[in-house]
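Before any comments, here is the structure.
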2 protein chains.
Amino acid sequence: MSRASERAYNNIRSMILSGELQPGSQIREEALAELCGVSRTPVRDSLRRLEAEMFIRRNDSQRSFVADWSLDDLEDAFQLRAMLEAHAAKRAASRVTREQLGLLRFHNAQLKQAIEMPNPDVPKFLDHNRHFHAIILAAAASERLTNMLAQVTEQPVVLRTARHYDLENLRRSHHDHDELLIAFDKRDGEWAAAVMTGHIRRAFHAYAEAHSTDTEIRKSNLAA
Amino acid sequence: MSRASERAYNNIRSMILSGELQPGSQIREEALAELCGVSRTPVRDSLRRLEAEMFIRRNDSQRSFVADWSLDDLEDAFQLRAMLEAHAAKRAASRVTREQLGLLRFHNAQLKQAIEMPNPDVPKFLDHNRHFHAIILAAAASERLTNMLAQVTEQPVVLRTARHYDLENLRRSHHDHDELLIAFDKRDGEWAAAVMTGHIRRAFHAYAEAHSTDTEIRKSNLAA
DNA sequence: CGAATGCCATTTGTATACAATAAGCTGCCC
DNA sequence: GGGCAGCTTATTGTATACAAATGGCATTCG
């Protein structure tokens, strides 16, 4: 993507993720254009893209609004994500290369390190976690699957609440990864899929809890 | 979508589906704009959309080409489709309303009629078939799932070869639908999912055969 | 003769002006 | 006072002109 267009997309996206653009609020192309320092053309491109990714919704008369997801929507997204990631793990089990296995081990070791320090480095954990899942997706070798997963992984709520993840959950995640690695080593797709399903479903419940406390915090802020 | 933009989208899309724009061939925005009788702006919108739907691919320098899918790609799409439609059936089993069940029965009766006539009416069959699946998707009540399925259902190759479906396969499809209806009636999501998986996988093999003969025909045409 | 380089043609990206459409408001009529 | 009509304003859609980037070709140099 070219310069202006990319800038607009990244800007708007991060404004949505950070909550700077509040869920449910209307979006005006011109306003965003000014904020991003570009013209409406690249902004429109970005809005179309973000609409396809369900960050933005449009009403009957083409006006755009920041998407506002309920807990049900979140569960729906996670259900799909669990299914798709399990599928990816299954495919990866029979396709993953030695090199990819090595990389997976590396990132898993790194993310373990990140939470075993006296002061856990959560961003570092999340970064290696992201790489870990990306490698599996690459090993699964299905472009469509990759596109679809992007649609359910990068949720505003998901990213916003990721930091709430407690240490115990992070440790369990690491162990799931360990088990996945063994399943890959044995080329056992069914096992890999099962582990991945549990891995994502646990994440959902962690997120759901974080989300509800998050919502309560926001409510009390509004009330104050 | 507005007039010009919608026209461009539909025009280009049908040109791809019909093969008027050959797989692999380059696409120039200006040429399409003239063909559709609109300016480049709505054409660009359409191209972006079609790119997201994987009808179009872009190279490193942003030039667009009509997507060209191999048999492997087709299988990949069908694998995802089977998984997603099975998921839809499972969800639908516990959510489908009396009214929707009635509609499903109606369309299934109609598509049976379409192939039991002396002269089978395949377009009519396909039309009611489409409705049948759409109702299940609606009953599944997941917008994301609907979007994802659209991405794997409306494939150029799929639509182009649908007509090759032989009568025996159409009859089996009808019976699958019957069984799905019973599963829905019993609210048995697992059963519904299993039937749907088989339903789609059979479709894949029918398509795959049709695709290979289709490819051979095209090759011999090129050779002649 | 082959490879690299610079120029020209082609194509896409961006900005902007204008058109079309929808929302909101004001004032009128019942 | 309530609701509807017509106008005004806000917002999005489309066309077009121009800018930037890319690819291909020809020429030149080793």
Side-chain angles (χ1 to χ4, degrees), chain A residues 1-16 19-68 143 147 150 156, chain B residues 1-16 19-68 143 147 150 156:
Chain A
M1 219 158 40
S2 48
R3 222 181 89 253
S5 199
E6 194 167 2
R7 244 200 11 224
Y9 175 79
N10 290 328
N11 273 340
I12 300 172
R13 188 165 171 284
S14 67
M15 282 192 281
I16 293 176
E20 195 175 334
L21 290 174
Q22 289 205 344
S25 66
Q26 184 170 351
I27 278 176
R28 277 159 304 123
E29 295 174 355
E30 188 123 26
L32 288 181
E34 279 179 34
L35 277 173
C36 302
V38 298
S39 80
R40 272 179 58 214
T41 311
V43 168
R44 283 172 64 78
D45 279 1
S46 305
L47 290 184
R48 288 273 148 73
R49 229 178 116 184
L50 292 164
E51 190 196 348
E53 294 165 0
M54 299 184 80
F55 284 111
I56 281 177
R57 311 187 62 83
R58 313 183 81 154
N59 66 8
D60 306 329
S61 58
Q62 302 300 90
R63 277 156 173 76
S64 303
F65 300 83
V66 179
D68 190 10
E143 206 182 327
N147 288 344
Chain B
M1 221 159 36
S2 49
R3 224 181 88 252
S5 200
E6 194 167 1
R7 244 200 11 224
Y9 175 78
N10 290 328
N11 273 339
I12 300 171
R13 189 166 170 281
S14 67
M15 282 192 282
I16 293 176
E20 196 175 335
L21 290 175
Q22 290 205 343
S25 65
Q26 185 170 351
I27 278 176
R28 277 160 303 125
E29 295 175 355
E30 188 121 27
L32 288 181
E34 280 179 33
L35 277 172
C36 302
V38 299
S39 81
R40 272 178 57 213
T41 311
V43 167
R44 283 172 64 77
D45 279 1
S46 306
L47 290 184
R48 288 274 148 73
R49 228 178 117 184
L50 291 163
E51 190 196 348
E53 294 165 0
M54 298 183 80
F55 284 112
I56 282 176
R57 309 188 62 82
R58 312 183 80 152
N59 65 9
D60 306 329
S61 59
Q62 302 299 90
R63 278 160 171 74
S64 304
F65 299 83
V66 180
D68 190 10
E143 204 182 328
N147 288 343

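To find a chain, count down the sequence lines: A is the first, B the second, and so on, and within it residues start at 1.
- Straight-line distance from the CZ atom of Phe65(B) to the P atom of dT22(D): 14 Å, rounded to whole Å.
- We find that CZ of Arg48(A) is positioned 11 Å from P of dT12(D), with the value rounded to whole Å.
- For Glu20(B), the salt bridge (Lys or Arg N to Asp or Glu O under 4.0 Å) criterion is met by no residue, not counting sequence neighbours.
- For Gln62(A), no side-chain nitrogen or oxygen approaches OP1 or OP2 of dA22(C) to under 4.0 Å.
- Taking only side-chain nitrogens and oxygens, Ser61(A) never comes nearer than 4.0 Å to OP1 or OP2 of dT11(D).
- Atom P of nucleotide dT11(D) and atom CG of Asp60(A) are separated by 18 Å, given to the nearest angstrom.
- Minimum interatomic distance between Val38(A) and Ala4(A) (heavy atoms only, all atoms of both residues): CG1-CB, 3.7 Å.
- Between Asn59(B) and Ala4(B), the residue anchored closer to the 5' end of DNA chain D is Ala4(B), taking for each the nucleotide with the nearest heavy atom.
- Using a 4.0 Å cutoff on non-hydrogen atoms, the parts of residues 24-33 of chain A near DNA chain D are Ile27(A), Arg28(A), Glu29(A), ordered by number.
- Residues Ala8(B) and Cys36(B) approach most closely at CA-SG, 4.0 Å, considering heavy atoms.
- Gln22(A) is linked by a side chain to side chain contact (heavy atoms under 4.5 Å, CB included) to Ser25(A), counting only residues two or more places apart in sequence or in another chain.
- Remark: Asn59(B) engages Ser61(B), Arg63(B), Phe65(B) in a side chain to side chain contact (heavy atoms under 4.5 Å, CB included) (not counting sequence neighbours).
- In this model, the phosphate group of dT14(D) is approached by a side-chain N or O of Ser2(B) to a distance below 4.0 Å at OP1 or OP2.
- Nucleotide dT12(D) holds its C1' atom 11 Å from the CG atom of Leu47(A), rounded to whole Å.
- Rounded to whole angstrom, the span from the CD atom of Glu34(A) across to the P atom of dT11(D) amounts to 12 Å.
- The phosphate of dG13(D) has OP1 or OP2 within less than 4.0 Å of a side-chain N or O from Arg44(A).
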So if I define the base as every atom that isn't primed, P, OP1 or OP2, how would nucleotides 16-21 of chain D read as a B/S/- string at a heavy-atom cutoff under 4.0 Å?
B-----

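- For the atom pair Ile27(A) CD1 and Ile16(A) CD1, the distance stands at 5.0 Å (nearest 0.5 Å).
- Glu29(A) meets the salt bridge (Lys or Arg N to Asp or Glu O under 4.0 Å) test with Arg40(A), Arg44(A); sequence neighbours excluded.
- Summarising the geometry of Ser64(B) relative to Leu47(B), their closest heavy-atom pair is OG-CD1, 4.4 Å, with the distance given to 0.1 Å.
- Leu35(A) places none of its side-chain heavy atoms less than 4.5 Å from the side chain of Asn11(A).
- As judged by a 4.0 angstrom heavy-atom cut-off over every strand, Arg7(B) is placed among residues making no nucleic acid contact.
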